[in-house]
Amino acid sequence: MKLANGIDLDNITPENELEEEIIADFKAGKTKEVITRCPPEPSGYWHIAHAKAWTIDFETAKKFGGKTYLRMDDTNPLKEEGEFSDSYMQDLAWLGYKPDKLIFASEAYFDDIYKIAEQMIMEGKAYVCELTADEVSATRGTLTEPGKESPYRNRTPEENLRLFRDMRDGKFEDGKATLRAKIDMAHPNMNMRDPVMYRVLRAKHYKLGNKWCIYPMYDFAHPLEDALEGVTYSLCSKEFLDHRPLYDWFIENGWKKPFAPKQREFSRLTIENVIIGKRYLKQLVNEGYVNGWDDPRFPTLVGVRRRGYTAKAIKDFVKSVGWGNVLEVTVPYSALEYYVREDLNAIATRTMVVLDPLKVVITNYGDETEEFEIENNPNNEAAGKHKSIFSKEIYIEKEDFSLNPPPKYNRLVEGGIVRLKGAYIIKCNKVVLDKNGEVDHLECEYIPNSKSGNDTSGIKCKGTIHFVSAKNCFEVTIRNFKNLVKDEYKNPAKALSEGTPISEILEPNSLTETTALAENFLKNAKIEDKFQFMRKGYYCVDKDSTKDHLIFNLTISLKDGFKISK
RNA sequence: AGGGGUGUAGCCAAGUGGUAAGGCACUGGAUUUUGAUUCCAGCAUUCGUAGGUUCAAGUCCUGCCACCCCUGCCA
């Protein structure tokens, strides 16, 4: 079956129940177009779990040639701020998504929602209740007992309409009245026990100022917003499953038109050892544990981006988790790291950077320099090559030389040989110690006919190490990150909610700065450029870098298969 | 007078009556001028549990058990 937009339904393989349902809806003529919405409350920065939701919203629509709207769900003036829509647009752009529309629910729909409320009042489906918040709570009943009906429940529609307009016109103080849906105080689903539709709230709305002193509740506003803008599938996380009957009730009793949006629910994503709750993230920022919302150790989208994670990695990761069966799926951090490495391996330019330098003097080499080439990406010939330099004085990684090598140590030892990546094989003839007995530098000889590419020496070398030439390197700052949360706190949210102090669950020294020697090739690296420092890890240029001084963030280390055998 | 959701390996997850996909992690081994990548192999005689129906059950039925969510004038 071919859709109006040219998509052939028969070519689509459904990957979850929703997609099966969408196909069935198309075939039954119930759906003409897939329209989803991405409905953030503009009150904080997005993190990886949001990326899962938005990926589902956008990818589902895209699969069927549909549309996705970005809709600010701004029905609570107490919590929302105006700053966020730009940052959300940027986050979405980074993820590679462009909403078909940007909507501010307050601006676009408050009038319509208000009218629907009046209409429901006249139909006897809503009433003005003057119980206080505490009284409402006390009469709601419990999980096992029915609630009590409000004494205001049976007012006439006319009286309710007059009172509701009084609410709107500011004749009630905050908290003195609500508009409630007349459903069933004995309903086994707590959400159906005459839920509040509107509350009186005098607060300056970031968008509408003081235009309103009553604000619709999420449960009432959301389904109507969906309906008003033609959203066909309204996707949210599973904690809203219990709200679905209410959603449908408002569609049936408030919206009343034949077109009905559907709410469907996916599982929420959490990652082991990651703090994701907005409240705690805010605390970390405010108390100075991190350097802002885009700290590279943060799970915010701006944070992981600054860390060097790619949008592709994030999307592949959240897609790998899938739609989900349970309310919340928890995956180990390594699951995310896999996708980060996978993408970086494909795109990162290979370079040589010595993080912890040890000087090596090539005693049988003159003062000249010599060029050689390094493949930018051995897995992708099209990435090309870049030139590097070999000379008499070079630096290697301290850990690539050992006076007391463990078993199966492939690197340089006293009297041993090693291949310098892209250049020559060298032999260590002499270890020069400083006055403290530490290794000061090495004196090596190079094997002249062993140059990479035309090695005629016939020497087999079991190890290859990276290096930089003293004549071809410059100092850069490296920011090394460890997970913010100690490894033993797999579920930091639980620990925190049980009263563990935030300082206790945090890894001390999760940020350290070091200086490294980078090959000159890196001199014109730009912010966010991603590199592999060969044999070490993936790094990207931090935004704190200046023209004269580059700062690299450790995105993620390479997997290290070398195990010091027991 | 509670309601709703979920149980398949350490983790995520396919599976829709025909004999347990795939991925992560892990373990071997091959290739490698990155101890990376890549490749190959191993990793559930069994699907929360006890019965039942059936030639055949992870799938259907019944009982039981476990875990998660719901008592905001938050979203």
Side-chain angles (χ1 to χ4, degrees), chain A residues 15-16 20 39-41 43 73-76 78-80 129 131-134 136-147 174-180 186-193 195-201 214-215 217-219 221-222 236-245 265 267 269 272 317 320-332 334-339 341-342 345-346 350 352 374-375 377-379 408-411 418-423 425 450 452-453 455 461-466 532-538 557-563:
Chain A
E15 278 161 42
N16 51 248
E20 285 172 11
E41 180 184 34
S43 67
D73 217 358
D74 50 2
T75 56
N76 185 349
L78 260 19
K79 287 171 66 180
E80 293 138 14
C129 177
L131 257 21
T132 65
D134 287 344
V136 169
S137 174
T139 52
R140 187 169 0 250
T142 68
L143 296 177
T144 54
E145 296 159 44
D174 286 13
K176 294 291 187 195
T178 56
L179 183 70
R180 292 229 256 163
H187 200 106
N189 182 338
M190 299 295 284
N191 296 123
M192 302 296 273
R193 319 245 260 226
V196 172
M197 296 162 62
Y198 265 97
R199 76 279 212 184
V200 180
L201 200 55
I214 57 173
Y215 288 90
M217 300 289 289
Y218 166 87
D219 280 318
H222 205 91
C236 59
S237 53
K238 290 226 187 234
E239 69 226 75
F240 289 100
L241 240 192
D242 287 338
H243 295 245
R244 188 148 116 191
E265 308 81 9
S267 58
L269 169 66
E272 283 178 0
F317 167 63
S320 78
V321 175
W323 186 262
N325 288 324
V326 292
L327 186 102
E328 181 170 287
V329 304
T330 304
V331 298
S334 59
L336 168 58
E337 291 183 313
Y338 171 82
Y339 291 98
R341 288 199 181 97
E342 182 182 62
N345 178 50
R350 271 59 173 174
M352 294 207 281
I374 295 288
E375 291 173 295
N377 188 334
N379 306 129
K408 295 189 179 165
Y409 187 79
N410 279 348
R411 288 107 102 153
V418 79
R419 155 79 61 188
L420 295 175
K421 174 71 184 174
I425 294 172
S450 68
S452 288
D455 181 353
C461 208
K462 54 185 171 151
T464 300
I465 64 173
H466 59 102
Q532 184 194 94
F533 293 177
M534 272 190 285
R535 301 205 311 126
K536 301 309 293 183
Y538 296 100
S557 65
L558 252 29
K559 279 171 103 173
D560 188 0
F562 177 54
K563 309 215 170 42

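In what follows, every chain begins at residue 1, and chains take the letters A, B, ... in the order their sequences are listed.
- For the C1' atom pair drawn from B:U59 and B:G17, the interatomic distance equals 7 Å after rounding to whole Å.
- Here the separation of B:U8 from B:A13, taken at their C1' atoms, is 9 Å to the nearest Å.
- What separates CE of A:Met534 from C1' of B:U32 is a distance of 14 Å, to the nearest Å.
- Listed for the A:Glu80 side chain is a donor-acceptor partner under 3.5 Å among the backbone atoms of A:Asn76.
- Of the two residues contacting RNA chain B, namely A:His243 and A:Asn191, the nearest-nucleotide position lying further toward the 5' end is that of A:Asn191.
- Not one N or O on the side chain of A:Ser267 forms a donor-acceptor pair closer than 3.5 Å with the backbone of A:Glu328.
- Partners of A:His243 under the ring pair (Phe, Tyr, Trp, His ring centres under 6.0 Å) rule, at least two apart in sequence or in another chain, are A:Phe240.
- Residues passing the ring pair (Phe, Tyr, Trp, His ring centres under 6.0 Å) test with A:Tyr538: none are found, sequence neighbours excluded.
- The separation between A:Asp219 atom CG and B:U71 atom C1' is 14 Å, rounded to whole Å.
- Side chain of A:Met190, nearest nucleotide from B:A25, B:C74, B:G2: B:G2.
- Spacing between B:A14 and B:U46 at atom C1', rounded to whole Å, works out to 16 Å.
- B:G2 is paired with B:C70 under the Watson-Crick or G-U wobble criterion, all donor-acceptor distances under 3.5 Å.
- Glycosidic torsion of B:G72 falls within 90° of 0, placing the base in syn.
- Taking the P atom of each, B:C40 and B:G23 are spaced 10 Å apart, rounded to whole Å.
- Rounded to a whole Å, the CG atom of A:Asp242 is 5 Å from the C1' atom of B:C70.
- A distance of about 15 Å separates the P atoms of B:A44 and B:C11, rounded to the whole Å.
- To the nearest whole angstrom, the two C1' atoms, one in B:C55 and one in B:C12, are 36 Å apart.
- For the pair A:Arg140 and B:C70, the criterion of a side-chain N or O lying under 4.0 Å from OP1 or OP2 is not met.
- The nearest whole Å value for the distance from the NZ atom in A:Lys79 to the P atom in B:G72 is 15 Å.
- No engagement by A:Tyr215 is indicated, since no non-hydrogen atom pair under 4.0 Å with the nucleic acid exists.
- The distance between atom CZ of A:Phe240 and atom P of B:C70, rounded to the nearest whole Å, is 11 Å.
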Protein N or O to nucleotides 8-13 of chain B N or O, pairs below 3.5 Å:
residue : atom : partner  : partner atom : Å
B:C11   : O2'  : A:Thr330 : O            : 3.4
B:C12   : O2'  : A:Val321 : O            : 3.4

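- Counting all heavy atoms, side chain and backbone alike, A:Glu272 lies closest to A:Thr330 at CG-CG2, 3.8 Å.
- Rounded to whole Å, atom C1' of B:U32 lies 13 Å from atom CZ of A:Arg419.
- The two atoms that bring A:Met534 and A:His466 nearest to each other are O-CD2, 3.5 Å, heavy atoms only.
- Along RNA chain B, the nucleotide closest to A:Lys421 and the one closest to A:Glu80 are compared, and the more 5′ of them pairs with A:Lys421.
- One can place CG of A:Leu179 at 19 Å from P of B:G72, the figure rounded to the nearest angstrom.
- With sequence neighbours excluded, no residue forms a ring pair (Phe, Tyr, Trp, His ring centres under 6.0 Å) with A:Phe317.
- Side-chain contact between A:Pro195 and A:Arg140: absent, with no pair of heavy atoms (C-beta onward) separated by less than 4.5 Å.
- Here the side chain of A:Arg350 pairs no donor or acceptor atom with the backbone of A:Asn377 at under 3.5 angstrom.
- Remark: the separation of the P atoms in B:G10 and B:U45 is 10 Å, to the nearest Å.
- Taking the C1' atoms as reference points, B:U62 lies 26 Å from B:C69, given to the whole Å.
- In this structure A:Glu20 satisfies the salt bridge (Lys or Arg N to Asp or Glu O under 4.0 Å) test with no other residue, sequence neighbours excluded.
- With rounding to whole Å, A:His187 atom NE2 is found 12 Å from B:C70 atom C1'.
- Residue A:Leu241 is in sugar-phosphate contact alone, with no base atom involved, counting any heavy-atom pair closer than 4.0 Å across all strands shown.
- Using the Watson-Crick or G-U wobble rule with both distances under 3.5 Å, B:U38 pairs with B:A30.
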Could you pull out the protein-nucleic contacts involving nucleotides 35-41 of chain B (nitrogen or oxygen on both sides, under 3.5 Å)?
residue : atom : partner  : partner atom : Å
B:G35   : OP1  : A:Arg535 : NH1          : 2.8
B:G35   : O2'  : A:Asp560 : OD1          : 3.2
B:G35   : O2'  : A:Gly561 : N            : 3.0
B:G35   : O2'  : A:Phe562 : N            : 3.3
B:G35   : N7   : A:Arg411 : NH1          : 2.7
B:G35   : O6   : A:Asn410 : N            : 2.8
B:G35   : O6   : A:Arg411 : NH1          : 3.4
B:G35   : N1   : A:Lys408 : O            : 2.7
B:G35   : N1   : A:Asn410 : ND2          : 3.4
B:G35   : N2   : A:Lys408 : O            : 3.3
B:U37   : O2'  : A:Asn345 : ND2          : 2.9

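- Not one N or O on the side chain of A:Thr132 forms a donor-acceptor pair closer than 3.5 Å with the backbone of A:Lys176.
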